[in-house]
Amino acid sequence: AGFMGSPQMNFVDGTLLNDDSRILPPVKEAIDRINFEKYIPIILVSARPPQSIEFLQEELDIMRPMVSMGGGLVVQEDDVLGSISLTAQAARHALAIASRFDVQPCLYTGWKWHVQRHTPMSDFEGRIIRDRALESDFDRLLDECENQGTELHKLMCMGESDDVDRLQQVLLADNPFGLDISISFEKYLEIGPPGVDKASAIEMVCGLYGYDMSQVVAIGDNMNDLPM
(Lines give C-alpha, C1' and ligand atoms only; values in the text may rest on other atoms or scores of the structure.)
Protein backbone atom coordinates (compact mmCIF):
# COMPACT_ATOMS: atom_id res chain seq x y z
CA ALA A 1 0.00 0.00 0.00
CA GLY A 2 1.24 3.47 -0.85
CA PHE A 3 0.74 6.75 0.93
CA MET A 4 -2.60 8.51 0.65
CA GLY A 5 -1.67 12.04 1.64
CA SER A 6 0.82 14.55 2.84
CA PRO A 7 2.54 15.38 5.12
CA GLN A 8 3.89 12.16 6.47
CA MET A 9 3.89 11.64 10.24
CA ASN A 10 6.30 9.22 11.89
CA PHE A 11 5.72 7.80 15.34
CA VAL A 12 8.20 5.93 17.48
CA ASP A 13 6.26 2.97 18.88
CA GLY A 14 7.50 3.51 22.44
CA THR A 15 5.75 6.89 22.34
CA LEU A 16 2.46 5.15 21.60
CA LEU A 17 2.62 2.59 24.39
CA ASN A 18 1.86 2.86 28.09
CA ASP A 19 3.98 1.34 30.86
CA ASP A 20 2.39 -2.05 30.15
CA SER A 21 3.46 -1.82 26.47
CA ARG A 22 -0.13 -1.47 25.32
CA ILE A 23 -1.91 1.05 23.11
CA LEU A 24 -4.67 2.77 25.06
CA PRO A 25 -8.08 3.32 23.35
CA PRO A 26 -7.76 7.15 23.22
CA VAL A 27 -4.41 6.77 21.44
CA LYS A 28 -5.93 4.34 18.94
CA GLU A 29 -8.80 6.77 18.31
CA ALA A 30 -6.37 9.64 17.72
CA ILE A 31 -4.32 7.53 15.29
CA ASP A 32 -7.49 6.62 13.39
CA ARG A 33 -8.43 10.29 13.03
CA ILE A 34 -4.98 11.21 11.75
CA ASN A 35 -4.69 8.22 9.44
CA PHE A 36 -8.20 7.85 8.02
CA GLU A 37 -9.89 11.24 8.47
CA LYS A 38 -6.96 13.59 7.89
CA TYR A 39 -5.26 11.25 5.39
CA ILE A 40 -1.89 11.78 7.05
CA PRO A 41 0.10 8.56 6.63
CA ILE A 42 1.76 7.17 9.75
CA ILE A 43 4.95 5.13 9.84
CA LEU A 44 6.12 3.25 12.92
CA VAL A 45 9.82 3.76 13.63
CA SER A 46 11.54 1.68 16.28
CA ALA A 47 14.71 0.02 17.52
CA ARG A 48 12.67 -3.18 17.78
CA PRO A 49 12.98 -6.06 15.32
CA PRO A 50 10.21 -6.15 12.69
CA GLN A 51 8.17 -8.98 14.19
CA SER A 52 7.63 -6.92 17.34
CA ILE A 53 6.31 -3.97 15.32
CA GLU A 54 3.96 -6.03 13.14
CA PHE A 55 1.41 -6.63 15.91
CA LEU A 56 1.32 -2.87 16.58
CA GLN A 57 0.70 -2.22 12.88
CA GLU A 58 -2.15 -4.73 12.91
CA GLU A 59 -3.69 -3.22 16.03
CA LEU A 60 -3.51 0.27 14.50
CA ASP A 61 -4.53 -0.92 11.02
CA ILE A 62 -1.31 0.51 9.54
CA MET A 63 0.23 -1.66 6.84
CA ARG A 64 2.70 0.82 5.40
CA PRO A 65 6.48 0.37 5.57
CA MET A 66 8.01 0.11 9.02
CA VAL A 67 11.43 1.23 10.15
CA SER A 68 12.94 -1.35 12.48
CA MET A 69 16.33 -2.04 14.09
CA GLY A 70 16.82 1.67 14.74
CA GLY A 71 16.92 2.35 11.00
CA GLY A 72 18.92 -0.68 9.85
CA LEU A 73 15.99 -2.59 8.37
CA VAL A 74 13.01 -1.13 6.49
CA VAL A 75 10.30 -3.57 5.49
CA GLN A 76 6.75 -3.66 4.19
CA GLU A 77 5.09 -6.94 5.12
CA ASP A 78 7.58 -9.55 3.82
CA ASP A 79 9.41 -7.23 1.43
CA VAL A 80 12.76 -5.75 2.49
CA LEU A 81 12.93 -2.16 1.20
CA GLY A 82 16.26 -1.31 2.79
CA SER A 83 18.84 -3.18 4.82
CA ILE A 84 22.18 -2.04 6.24
CA SER A 85 24.15 -4.54 8.27
CA LEU A 86 26.84 -4.46 10.91
CA THR A 87 30.10 -6.21 10.08
CA ALA A 88 31.08 -9.24 12.12
CA GLN A 89 34.45 -7.63 12.83
CA ALA A 90 32.80 -4.54 14.29
CA ALA A 91 30.43 -6.68 16.34
CA ARG A 92 33.30 -8.71 17.76
CA HIS A 93 35.08 -5.52 18.77
CA ALA A 94 31.97 -4.20 20.57
CA LEU A 95 31.28 -7.58 22.21
CA ALA A 96 34.84 -7.78 23.54
CA ILE A 97 34.40 -4.41 25.24
CA ALA A 98 30.91 -5.30 26.49
CA SER A 99 32.29 -8.45 28.12
CA ARG A 100 34.07 -6.22 30.66
CA PHE A 101 30.72 -4.93 31.93
CA ASP A 102 27.77 -6.51 33.69
CA VAL A 103 25.48 -6.42 30.64
CA GLN A 104 23.71 -8.97 28.48
CA PRO A 105 24.40 -8.63 24.74
CA CYS A 106 21.82 -9.51 22.08
CA LEU A 107 22.40 -9.89 18.35
CA TYR A 108 19.69 -9.19 15.77
CA THR A 109 19.60 -10.79 12.31
CA GLY A 110 16.52 -9.84 10.34
CA TRP A 111 13.45 -11.27 12.06
CA LYS A 112 15.53 -13.16 14.67
CA TRP A 113 17.11 -12.04 17.91
CA HIS A 114 19.75 -14.01 19.74
CA VAL A 115 21.11 -14.31 23.26
CA GLN A 116 23.85 -16.57 24.58
CA ARG A 117 21.53 -17.71 27.34
CA HIS A 118 18.14 -16.73 28.66
CA THR A 119 18.09 -14.49 31.73
CA PRO A 120 15.31 -12.67 33.60
CA MET A 121 16.26 -9.54 31.63
CA SER A 122 15.99 -11.22 28.22
CA ASP A 123 12.75 -12.91 29.29
CA PHE A 124 11.36 -9.50 30.31
CA GLU A 125 12.32 -8.04 26.94
CA GLY A 126 10.72 -11.01 25.22
CA ARG A 127 7.42 -10.35 26.97
CA ILE A 128 7.52 -6.71 25.92
CA ILE A 129 8.19 -7.41 22.24
CA ARG A 130 6.15 -10.66 22.24
CA ASP A 131 8.97 -12.78 20.89
CA ARG A 132 11.38 -15.12 22.65
CA ALA A 133 15.08 -14.92 21.83
CA LEU A 134 17.01 -17.80 20.31
CA GLU A 135 19.87 -19.19 22.36
CA SER A 136 22.83 -18.98 20.00
CA ASP A 137 26.59 -19.41 19.92
CA PHE A 138 27.72 -15.87 19.07
CA ASP A 139 31.03 -16.97 17.55
CA ARG A 140 29.24 -19.35 15.21
CA LEU A 141 26.60 -16.75 14.37
CA LEU A 142 29.23 -14.15 13.50
CA ASP A 143 31.04 -16.72 11.36
CA GLU A 144 27.76 -17.16 9.45
CA CYS A 145 27.59 -13.40 8.98
CA GLU A 146 31.10 -13.38 7.53
CA ASN A 147 30.92 -16.51 5.40
CA GLN A 148 27.28 -17.26 4.62
CA GLY A 149 25.76 -13.83 4.09
CA THR A 150 23.64 -13.68 7.24
CA GLU A 151 22.91 -10.00 7.87
CA LEU A 152 23.55 -8.65 11.36
CA HIS A 153 21.48 -5.51 11.82
CA LYS A 154 22.36 -4.49 15.34
CA LEU A 155 23.79 -5.39 18.71
CA MET A 156 22.00 -4.40 21.90
CA CYS A 157 23.36 -4.58 25.45
CA MET A 158 20.96 -4.73 28.39
CA GLY A 159 21.94 -3.95 31.96
CA GLU A 160 21.57 -1.56 34.84
CA SER A 161 21.65 2.07 33.79
CA ASP A 162 25.05 2.79 35.38
CA ASP A 163 26.65 -0.13 33.53
CA VAL A 164 24.98 0.87 30.27
CA ASP A 165 26.13 4.48 30.63
CA ARG A 166 29.73 3.47 31.34
CA LEU A 167 29.74 1.00 28.46
CA GLN A 168 28.49 3.69 26.10
CA GLN A 169 31.28 6.04 27.10
CA VAL A 170 33.96 3.36 26.60
CA LEU A 171 32.55 2.35 23.21
CA LEU A 172 32.36 5.95 22.04
CA ALA A 173 35.99 6.45 23.04
CA ASP A 174 37.11 3.25 21.31
CA ASN A 175 35.08 3.21 18.09
CA PRO A 176 37.38 2.42 15.14
CA PHE A 177 34.44 1.21 13.03
CA GLY A 178 32.39 4.40 13.47
CA LEU A 179 29.43 2.54 14.93
CA ASP A 180 26.21 4.33 15.79
CA ILE A 181 25.92 4.02 19.58
CA SER A 182 22.88 5.35 21.44
CA ILE A 183 20.62 4.63 24.39
CA SER A 184 17.07 3.64 23.49
CA PHE A 185 15.99 3.06 27.09
CA GLU A 186 17.93 3.67 30.29
CA LYS A 187 18.89 -0.01 30.45
CA TYR A 188 19.37 -0.64 26.70
CA LEU A 189 22.37 0.37 24.60
CA GLU A 190 21.86 0.15 20.83
CA ILE A 191 24.89 -0.47 18.59
CA GLY A 192 24.37 -0.25 14.84
CA PRO A 193 26.16 0.28 11.53
CA PRO A 194 27.92 3.59 10.84
CA GLY A 195 25.63 6.40 9.79
CA VAL A 196 22.47 4.40 10.39
CA ASP A 197 19.78 5.90 12.57
CA LYS A 198 16.04 6.46 12.50
CA ALA A 199 16.35 9.75 10.63
CA SER A 200 18.36 8.22 7.79
CA ALA A 201 15.76 5.46 7.43
CA ILE A 202 12.90 7.97 7.37
CA GLU A 203 14.71 9.87 4.63
CA MET A 204 15.05 6.65 2.64
CA VAL A 205 11.32 5.91 2.97
CA CYS A 206 10.50 9.47 1.89
CA GLY A 207 12.67 9.00 -1.18
CA LEU A 208 10.87 5.79 -2.10
CA TYR A 209 7.48 7.49 -2.04
CA GLY A 210 8.32 10.96 -3.29
CA TYR A 211 8.11 12.90 -0.04
CA ASP A 212 10.46 15.59 1.22
CA MET A 213 11.77 15.55 4.79
CA SER A 214 10.20 18.99 5.30
CA GLN A 215 6.81 17.22 5.18
CA VAL A 216 7.67 14.89 8.07
CA VAL A 217 6.65 15.23 11.70
CA ALA A 218 8.62 12.88 13.97
CA ILE A 219 7.63 12.08 17.54
CA GLY A 220 9.97 10.25 19.89
CA ASP A 221 10.76 9.85 23.56
CA ASN A 222 14.39 8.82 24.02
CA MET A 223 17.99 9.53 23.13
CA ASN A 224 18.03 7.41 19.96
CA ASP A 225 15.13 9.55 18.64
CA LEU A 226 17.15 12.77 18.64
CA PRO A 227 18.42 12.43 15.02
CA MET A 228 14.77 12.58 13.88
Side-chain angles (χ1 to χ4, degrees), residues 12 45-50 67-75 80-117 119 121-122 125 133-205 207 220 222-228:
V12 177
V45 182
S46 177
R48 295 179 175 209
V67 174
S68 66
M69 304 291 197
L73 183 61
V74 180
V75 301
V80 175
L81 304 181
S83 175
I84 302 176
S85 56
L86 188 64
T87 68
Q89 186 180 11
R92 287 194 177 98
H93 175 80
L95 286 169
I97 294 176
S99 68
R100 293 153 33 194
F101 294 82
D102 186 17
V103 297
Q104 180 176 14
C106 311
L107 298 179
Y108 293 79
T109 59
W111 275 255
K112 299 176 182 178
W113 71 293
H114 309 260
V115 294
Q116 292 163 307
R117 61 184 178 85
T119 66
M121 184 164 285
S122 66
E125 171 68 4
L134 300 172
E135 283 195 346
S136 302
D137 181 315
F138 279 9
D139 287 332
R140 182 177 300 174
L141 181 60
L142 292 174
D143 285 343
E144 290 179 6
C145 294
E146 282 183 318
N147 303 315
Q148 299 179 28
T150 299
E151 286 195 279
L152 174 64
H153 289 98
K154 74 167 187 174
L155 188 164
M156 183 176 78
C157 292
M158 302 184 292
E160 294 302 321
S161 57
D162 287 346
D163 292 310
V164 167
D165 287 341
R166 284 188 282 117
L167 174 57
Q168 182 187 32
Q169 294 307 311
V170 173
L171 284 171
L172 288 171
D174 184 3
N175 189 15
F177 298 96
L179 301 177
D180 185 85
I181 302 167
S182 62
I183 291 176
S184 61
F185 172 65
E186 62 180 356
K187 297 184 178 183
Y188 294 174
L189 183 65
E190 308 279 346
I191 302 164
V196 174
D197 56 32
K198 295 178 179 181
S200 64
I202 291 172
E203 189 170 9
M204 190 208 79
V205 173
N222 223 311
M223 298 301 292
N224 66 332
D225 299 322
L226 287 176
M228 297 193 298

Pair R140-D143, salt bridge (charged side-chain N to carboxylate O under 4.0 Å, His left out): steps then yes or no: CA-CA 5 Å; R140 182 177 300 174; D143 285 343; over 6 Å; no
Taking it one step at a time, do L81 and V205 satisfy side-chain contact (heavy atoms from CB on, under 4.5 Å)? CA-CA 8 Å; L81 304 181; V205 173; 5.9 Å; no
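- For the pair D197 and S182, the minimum side-chain heavy-atom distance is 4.5 Å or more.
- Of the inter-residue distances, the one linking C106 atom SG with M158 atom CE reads 3.5 Å to the nearest 0.5 angstrom.
- Counting only heavy atoms from C-beta outward, the side chains of D180 and V196 never approach each other to under 4.5 Å.
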Evaluate the salt bridge (charged side-chain N to carboxylate O under 4.0 Å, His left out) criterion for residues R92 and E146: first the C-alpha distance (whole Å), next the side-chain angles of each, then the deciding distance (0.1 Å), finally the verdict. CA-CA 11 Å; R92 287 194 177 98; E146 282 183 318; 3.2 Å; yes
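- Tested against L167, the residues V164, D165, L171 include a single side-chain contact (heavy atoms from CB on, under 4.5 Å) partner, L171.
- Note that CD of E125 is 7.5 Å distant from CZ of R48, once rounded to the nearest 0.5 Å.
- Atom CG in L134 sits 11.0 Å away from atom CG in L107 (nearest 0.5 Å).
- Contact check for S68 versus Y108: no side-chain heavy atoms found under the 4.5 Å cut-off.
- A heavy-atom distance below 4.5 Å is not found between the side chains of C145 and E151.
- Not one N or O on the side chain of D174 forms a donor-acceptor pair closer than 3.5 Å with the backbone of V170.
- Residue pairs meeting the ring pair (Phe, Tyr, Trp, His ring centres under 6.0 Å) criterion with at least one member in residues 150-203, sequence neighbours excluded, are H93-F177, F185-Y188.
- Annotation: side chain to side chain contact (heavy atoms under 4.5 Å, CB included) contacts of A201 (sequence neighbours excluded): V67, V74.
- Of the possible polar contacts, one joining the Q104 side chain to the R117 backbone as a donor-acceptor pair under 3.5 Å is found.
- The shortest distance between side-chain heavy atoms of K187 and E160 falls below 4.5 Å.
- Within the 3.5 Å criterion, the main-chain N or O of A47 finds a donor-acceptor partner in the side chain of K154.
- The CG atom of L141 sits 9.5 Å away from the NZ atom of K112 when rounded to the nearest 0.5 Å.
- A heavy-atom distance below 4.5 Å is found between the side chains of L95 and L142.
- To the nearest 0.5 Å, atoms CD1 (I181) and CG (N175) are separated by 4.0 Å.
- No more than 12 heavy atoms of other residues, nucleotides or ligands shown are found within 6.0 angstrom of CD on Q89.
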